[in-house]
Amino acid sequence: MSGGVTCELVAWAAARVDWLREGLLGWFERFGRCFPWREPGRSAYEVTVAEILLQRTTAAQVAQVYPDFLRRYPAWDSLARATPAELEGVLRPLGLWRQKARALQRLARSLEERHGLMPETRRELERLPGIGPYTASAVLAVVYGQAEPLLDANLARLLGRCFGLSQTLSRSSRRRLLQALALHLVRDERSLQVNWAALDFGTLVCRPRRPLCPCCPLRSACAYALLLEPPATPSAGAP
DNA sequence: ATCCGGCAAC
DNA sequence: GTTGCCGGAT
């Protein structure tokens, strides 16, 4: 009933995740992306704002408005007092600007009530407007250095493909499996690097469409790549 | 023309 | 649990 795999991965899966982690870290050293919100020493405010801006939005778009956003609204109080029209204007290039403006301002006002102090538990974080499970994980991981998996669509796709998770799995089964795999993946001193590696890798290599399997460094351990690749045809002259 | 993407509201 | 929010990518 407790479903062992959801709490503790079987050995072969754990070993495969360990291998994936090393592959991702190696790839990240060469091809990982740099973003201002990944710079060390960013405040809870700067990190949280970035994560809200990034919800259902590409990093490249967010990078274009982020510096200006921080210049105009350097802390929760200035954001709380922002003119909605100006705020929406700054966010317009991102799309979802009406929703993001509203969420950011409601969040800023909630945090002012807490004297700008960010909660340190998932439970408290998820009570804040605009902060759901993913963004709470991001704050725990980036601000507080916890080994929390950033299980967004990128990491879910990456793990789903590598482990060949069947589409016939129920959503809850799939979720639990992904959660267990992701937890093991970031159970490491370099958990934040692993998370960022997975997100970049999911965007640049293990893309939703036309993934770059032929040059993927993880393909030898990937069910999806093995399924797609033609089974090594014996060369013409082979015995 | 369709896919992609976190959260809140319904 | 389904739908709406918005643009960009394909």
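Owing to the predicted nature of the structure, the values given are computational and were not obtained by experimental measurement. Chain letters run A, B, ... following the sequence lines, proteins first and then strands; every chain starts at 1.
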(message) With nearest nucleotide decided by heavy atoms, which residue, R102(A) or L54(A), maps closer to the 5′ end of DNA chain B?
(response)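 Residue closer to the 5' terminus by nearest nucleotide: L54(A).
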(message) From the set dA9(B), dC4(B), dC7(B), return the single nucleotide nearest to any side-chain atom of P208(A).
(response) dC4(B)
(message) How would you summarise protein contacts on nucleotides 3-10 of chain C per nucleotide, using B for base, S for sugar-phosphate only and - for none, with heavy-atom distances below 4.0 Å?
(response) -BBBSSBS
Any base atoms under 4.0 Å from [X], or only sugar-phosphate, or nothing? Heavy atoms, all strands.
X: I131(A); value: sugar-phosphate
X: T135(A); value: sugar-phosphate
X: L128(A); value: sugar-phosphate

(request) Under the ring pair (Phe, Tyr, Trp, His ring centres under 6.0 Å) rule, collect the residues that match up with W97(A), sequence neighbours excluded. (result)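 Partners of W97(A) under the ring pair (Phe, Tyr, Trp, His ring centres under 6.0 Å) test: none.
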(request) Under the side chain to side chain donor-acceptor pair (under 3.5 Å) rule, collect the residues that match up with R72(A), sequence neighbours excluded. (result) D68(A), E86(A)
(message) Any non-hydrogen side-chain atom of L79(A) less than 4.5 Å from a side-chain atom of Y45(A)?
(response)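 SC-SC contact between L79(A) and Y45(A) confirmed.
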(request) Return the residues of residues 151-170 of chain A meeting this criterion: a heavy atom under 4.0 Å from some atom of DNA chain C. Order them by number, or give none. (result) none
(request) Could you state the atom-to-atom distance from CG of L104(A) to C1' of dC7(B) in whole Å? (result) 12 Å
(request) Would you kindly give the CG-to-P distance between L125(A) and dA8(B), to the nearest whole Å? (result) 12 Å
(request) Let me know which of L128(A), D77(A), T48(A) forms a side chain to side chain contact (heavy atoms under 4.5 Å, CB included) with L111(A). (result) L128(A)
(message) Tell me whether E189(A) at atom CD has more than 12 heavy atoms from other residues, nucleotides or ligands lying less than 6.0 Å away.
(response) no
(request) Might you confirm whether atom CD of E126(A) has over 12 heavy atoms from other residues, nucleotides or ligands at distances under 6.0 Å? (result)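 Yes.
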Compile the donor-acceptor pairs under 3.5 Å between side chains in residues 216-226 of chain A and protein atoms, sequence neighbours left out, one pair per line.
unit_1, atom_1, unit_2, atom_2, d
R219(A), NH1, C216(A), O, 2.7

(message) Does anything in residues 19-31 of chain A form a salt bridge (Lys or Arg N to Asp or Glu O under 4.0 Å)? List the pairs, not counting sequence neighbours.
(response) D18(A)-R21(A), R21(A)-D188(A), E22(A)-R190(A)
